[in-house]
Colleague: 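One structure follows; several queries about it will come next.
Nothing here was measured: the structure is a model prediction, and the numbers come from that model. For this chain, numbers begin at 1 and follow the sequence in order.
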Amino acid sequence: MIISPFKIGLVLVISGMIWTAIIFDETEKTHDVTILKQSSSFEVKSEFLGVDIGYFKLFMPEFAGEEIFVQILDPHDNVISEQMVQTKLSVGYFDFSQDGEYKIKITNVEKNSISLQIEFGNTNSQKMYLSGILILVGALVMMIISYFKIKNYNIEQPEENIS
């Protein structure tokens, strides 16, 4: 039984995706749920090591157009990133280059209280190179095989003078 190169490419892509999901699932993350009152702030801390990419995910279950201000602080309390969040679900990324305890500081700039779910952690992107290469190779194999199949595909055209 011969397995087609297209199926091999598909298996490579799926395997790479599963591998990437497992790596991301094993990362160090901090979860927290809070209710921010008017003009109040909340901090979540997480320990990061090495050089990589960190992320935060903010979810407001009862979103009604509220706006919050988010800052990412390094171990020396320098601001790495800041932004205004005006959506129900927001994901942001930032680079870190030194070991230490990083913080996300969230400030409510609205007049009403906001319910908030926070996830803060490291993406472990440095460990995802091999799985990314596996996905890339699988996708390239699938595209090349698809190109050759489409290139050789002929459609019969009806005769022009059918009465």
Colleague: Could you work out, with side chain to side chain donor-acceptor pair (under 3.5 Å) as the rule, every residue matching Asn78, not counting sequence neighbours?
Modeller: Asp74
Colleague: Check residues 52-64 and write down every donor-acceptor pair under 3.5 Å in which the side-chain atom is one partner and the other belongs to a residue at least two apart or another chain.
Modeller:
{"residue": "Asp52", "atom": "OD1", "partner": "Ser125", "partner atom": "N", "Å": "3.2"}
{"residue": "Asp52", "atom": "OD1", "partner": "Ser125", "partner atom": "OG", "Å": "2.4"}
{"residue": "Asp52", "atom": "OD2", "partner": "Ser125", "partner atom": "N", "Å": "3.4"}
{"residue": "Tyr55", "atom": "OH", "partner": "Glu119", "partner atom": "OE2", "Å": "2.4"}

Colleague: Any link between Val85 and Phe69 through a network of hydrophobic side chains (Ile, Leu, Val, Met, Phe, Trp, Tyr) touching at under 4.5 Å?
Modeller: no
Colleague: Which donor-acceptor pairs under 3.5 Å do the side chains of residues 140-147 make with protein atoms, sequence neighbours left out?
Modeller:
{"residue": "Ser146", "atom": "OG", "partner": "Met142", "partner atom": "O", "Å": "2.8"}

Colleague: Verify whether one side chain among Gln117 and His31 offers a donor that lies under 3.5 Å from an acceptor in the other.
Modeller: no
Colleague: When rounded to the nearest 0.5 angstrom, what distance separates CD in Glu66 from OG1 in Thr87?
Modeller: 11.0 Å
Colleague: What donor-acceptor contacts under 3.5 angstrom involve side-chain atoms of residues 2-24, with partners at least two apart or in another chain?
Modeller:
{"residue": "Ser4", "atom": "OG", "partner": "Lys7", "partner atom": "N", "Å": "3.3"}
{"residue": "Ser15", "atom": "OG", "partner": "Val11", "partner atom": "O", "Å": "2.7"}
{"residue": "Thr20", "atom": "OG1", "partner": "Gly16", "partner atom": "O", "Å": "2.9"}
{"residue": "Thr20", "atom": "OG1", "partner": "Ser131", "partner atom": "OG", "Å": "2.8"}

Colleague: Pair Leu116, Ile68 - check side-chain contact (heavy atoms from CB on, under 4.5 Å), show working.
Modeller: CA-CA 10 Å; Leu116 190 62; Ile68 57 175; 4.0 Å; yes
Colleague: Counting only heavy atoms from other residues, nucleotides and ligands, does the tally under 6.0 Å from CG of Leu49 exceed 12?
Modeller: yes
Colleague: Closest approach of Phe120 and Ser46, non-hydrogen atoms and distance?
Modeller: CD2-CB, 3.7 Å
Colleague: From Thr30 OG1 over to Asn122 CG, what is the distance, rounded to the nearest 0.5 angstrom?
Modeller: 11.0 Å
Colleague: For a quick test of reading the model, state the closest non-hydrogen atom pair linking Ser90 to Gln83 and the distance between them.
Modeller: OG-NE2, 3.9 Å
Colleague: If you take all heavy atoms of Ser113 and Ile35, which pair is closest and at what distance?
Modeller: CB-CG2, 4.0 Å
Colleague: Using modelled atom types and a 3.5 Å cut-off, is there a donor and acceptor pairing between side-chain atoms of Gln71 and backbone atoms of Lys105?
Modeller: no
Colleague: Would you indicate whether Phe148, at its atom CZ, is surrounded by more than 12 heavy atoms from other residues, nucleotides or ligands within a distance under 6.0 Å?
Modeller: no
Colleague: Using 0.5 Å steps for rounding, measure from the NZ atom of Lys45 to the CD atom of Glu101.
Modeller: 5.0 Å
Colleague: Which of parallel (below 30°), tilted (30 to 60°) and perpendicular (above 60°) describes Tyr102 and Phe48?
Modeller: tilted
Colleague: Where do Ile80 and Leu73 land on the side-chain contact (heavy atoms from CB on, under 4.5 Å) test, with the steps shown first?
Modeller: CA-CA 6 Å; Ile80 296 175; Leu73 306 169; over 6 Å; no
Colleague: Within this structure, what is the OH-OG distance for the pair Tyr93 and Ser81, rounded to the nearest 0.5 Å?
Modeller: 13.0 Å
Colleague: Check whether any side-chain heavy atom of Ile118 sits under 4.5 Å from a side-chain heavy atom of Ile106, and report yes or no.
Modeller: yes
Colleague: Let me check something: do Ile72 and Leu89 share a hydrophobic cluster, defined by ILVMFWY side-chain heavy atoms less than 4.5 Å apart, either directly or through other members?
Modeller: no
Colleague: Once rounded to the nearest 0.5 Å, what's the spacing between atom CD1 of Ile104 and atom CD of Glu82?
Modeller: 12.5 Å
Colleague: Nearest 0.5 angstrom please: Gln38 CD to Ile114 CD1, how far?
Modeller: 10.5 Å
Colleague: Is there a side-chain contact between Gln126 and Asn124 (heavy atoms, below 4.5 Å)?
Modeller: no
Colleague: In chain order, what residues pass the salt bridge (charged side-chain N to carboxylate O under 4.0 Å, His left out) check against Lys103, with sequence neighbours excluded?
Modeller: Asp77
Colleague: Kindly indicate whether the side chain of Glu47, heavy atoms from C-beta on, has any atom under 4.5 Å from the side chain of Glu28.
Modeller: no
Colleague: What salt bridge (Lys or Arg N to Asp or Glu O under 4.0 Å) pairs are there with at least one residue in residues 127-141, not counting sequence neighbours?
Modeller: none
Colleague: Under 3.5 Å, side chain of Asn108 to main-chain N/O of Ser40, donor-acceptor pair present?
Modeller: no
